2 protein chains.
Amino acid sequence: MKKHFGEYIKQLRNEGGFTLTQLGAKLDLDSANLSKIENGKRDFNEKSLGKLASVFKLDINKLKTEFFSDIIAKKLYQNGCSTDALIVAEEKVKYLKKINLKQTEVDL
Amino acid sequence: MKKHFGEYIKQLRNEGGFTLTQLGAKLDLDSANLSKIENGKRDFNEKSLGKLASVFKLDINKLKTEFFSDIIAKKLYQNGCSTDALIVAEEKVKYLKKINLKQTEVDL
DNA sequence: TTTGACTTGTCGCTTTACGACAAATTTATA
DNA sequence: TATAAATTTGTCGTAAAGCGACAAGTCAAA
């Protein structure tokens, strides 16, 4: 288990044998900033997930799961919020998808 | 099931028989902004959860669950992210709590 | 048709996000 | 151990997001 998404990137980078500067270039990121990300002092920019996936030939959906689970865990942890919120969130996602389907029917 | 946290506030407000202006005053919020919140056009400010809890005598932890589940659901839904992230997030929260405990021991 | 409740649009300030560069520190290797 | 590369840390400036405020609009009740 990794403490944060940055550790995951670091692992990928090391496995790929890249320096911070090399990987940074591929991700349009300063090596200094990439370092902070890997060490959990800054968050990876959500908008760059696609680039990361293509550099390492990763499934974007798996990557999103890794990334967002991190964001969510941090949010709950920092706010001292019960993980009950996760159960409720799952229901809500289902509900949002359902009403979106209905709305699409209406739009047609 | 409510579409968003704003609907939840609206329900509380109606049950309490308040106008937007009245509840807004209690929450230090403009009636216009409260209206937007109730209609999902703006998010309720996380920092005001305490006030909301005390106005309606709600358990702050329940309220947090309601609030953060909403944030999380929206994030997953908007990003087309699998709810697998929720399972992973739960593991991560456990892990964060565990390493925090260990760190506390070291600090002592 | 006036009044109160609610909604919508928009402005401006504050906070946060984030890329960039400089400088310090660590690590590797000749 | 000298030095060069790799990594880390500090900080700045701009960009974007968050959010309160006010004005002007709609809508419903009397």
Side-chain angles (χ1 to χ4, degrees), chain A residues 2-53 55-56 63-64 67-68 70-79 81, chain B residues 2-53 55-56 63-64 66-79 81:
Chain A
K2 288 165 282 294
K3 276 195 281 300
H4 47 73
F5 191 71
E7 281 188 7
Y8 179 64
I9 296 179
K10 187 176 218 157
Q11 184 184 318
L12 289 169
R13 182 172 64 83
N14 287 331
E15 284 169 6
F18 302 123
T19 65
L20 285 168
T21 307
Q22 288 169 335
L23 178 56
K26 291 174 196 293
L27 299 173
D28 298 311
L29 249 180
D30 193 279
S31 68
N33 290 325
L34 183 50
S35 167
K36 284 171 206 161
I37 291 167
E38 288 190 352
N39 294 297
K41 306 194 169 163
R42 224 181 240 217
D43 284 333
F44 184 76
N45 187 346
E46 192 173 311
K47 289 168 189 154
S48 303
L49 280 175
K51 267 182 246 171
L52 187 62
V55 168
F56 290 108
L63 198 58
K64 277 186 188 175
F67 179 78
F68 288 107
D70 225 75
I71 304 273
I72 292 167
K74 191 194 279 185
K75 193 138 201 102
L76 291 186
Y77 182 70
Q78 285 175 342
N79 291 285
C81 182
Chain B
K2 287 165 281 296
K3 275 194 283 300
H4 47 73
F5 192 70
E7 281 189 7
Y8 179 63
I9 297 179
K10 187 176 218 159
Q11 185 184 317
L12 289 168
R13 181 172 65 82
N14 287 332
E15 285 169 7
F18 301 122
T19 65
L20 285 168
T21 307
Q22 287 169 336
L23 178 57
K26 290 175 197 291
L27 299 172
D28 297 311
L29 250 180
D30 192 280
S31 68
N33 290 325
L34 184 50
S35 167
K36 284 171 205 160
I37 291 167
E38 288 190 351
N39 294 299
K41 306 193 169 164
R42 226 181 237 215
D43 283 334
F44 185 76
N45 186 347
E46 192 172 311
K47 289 168 188 155
S48 303
L49 280 175
K51 266 182 247 172
L52 187 62
V55 167
F56 289 109
L63 198 58
K64 277 186 186 174
E66 192 69 33
F67 179 77
F68 287 107
S69 65
D70 224 73
I71 303 273
I72 292 166
K74 191 194 281 185
K75 194 140 199 96
L76 292 186
Y77 181 71
Q78 285 176 342
N79 290 285
C81 182

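Letters go in sequence order (proteins before strands), and every chain restarts at 1. Please read all numbers here as calculations on a predicted model, not as lab measurements.
- Partners of B:Lys2 according to the side chain to side chain contact (heavy atoms under 4.5 Å, CB included) rule, which considers only residues two or more places apart in sequence or in another chain, are B:Glu7, B:Tyr8, B:Gln11, B:Glu66.
- Sorted by first then second residue, the salt bridge (charged side-chain N to carboxylate O under 4.0 Å, His left out) pairs that include residues 16-31 of chain A, not counting sequence neighbours, are A:Asp28-A:Lys51.
- With sequence neighbours excluded, the residues forming a side chain to side chain contact (heavy atoms under 4.5 Å, CB included) with A:Glu46 are A:Phe67, A:Phe68, B:Lys75, B:Asn79, listed by chain and number.
- An angle of 30°, rounded to 10°, separates the two end axes of the helix from C:dT1-D:dA30 to C:dA30-D:dT1, each defined over five pairs.
- To the nearest 0.5 Å, atoms SG (B:Cys81) and CG (A:Leu63) are separated by 10.0 Å.
- Here the range on DNA chain D touched by chain A, meaning any atom under 4.0 Å from one of its heavy atoms, is D:dA6 to D:dT11.
- Residue pairs meeting the ring-ring contact (aromatic ring centres under 6.0 Å, His included) criterion with at least one partner in residues 20-47 of chain B, sequence neighbours excluded, are B:Phe5-B:Phe44.
- Residues meeting the side chain to side chain contact (heavy atoms under 4.5 Å, CB included) test with A:Asn45, sequence neighbours left out: A:Lys47, A:Ser48.
- For DNA chain D, the residues of residues 33-42 of chain A within the heavy-atom distance limit of 4.0 Å (strictly under) are A:Ser35, A:Lys36, A:Asn39, A:Lys41, A:Arg42, sorted by number.
- Listed by residue number, there are no residues of residues 2-9 of chain A with a heavy-atom contact under 4.0 Å to DNA chain C.
- Legend: residues meeting side chain to side chain contact (heavy atoms under 4.5 Å, CB included) with B:Lys10, ordered by chain and number and at least two apart, are B:Arg13, B:Asn14, B:Glu38, B:Asn39.
- If you check residues 70-78 of chain B against DNA chain C, you find no residue with a heavy atom closer than 4.0 Å.
- At a non-hydrogen distance threshold of 4.0 Å, A:Thr19, A:Leu20 from residues 15-28 of chain A come into contact with DNA chain D.
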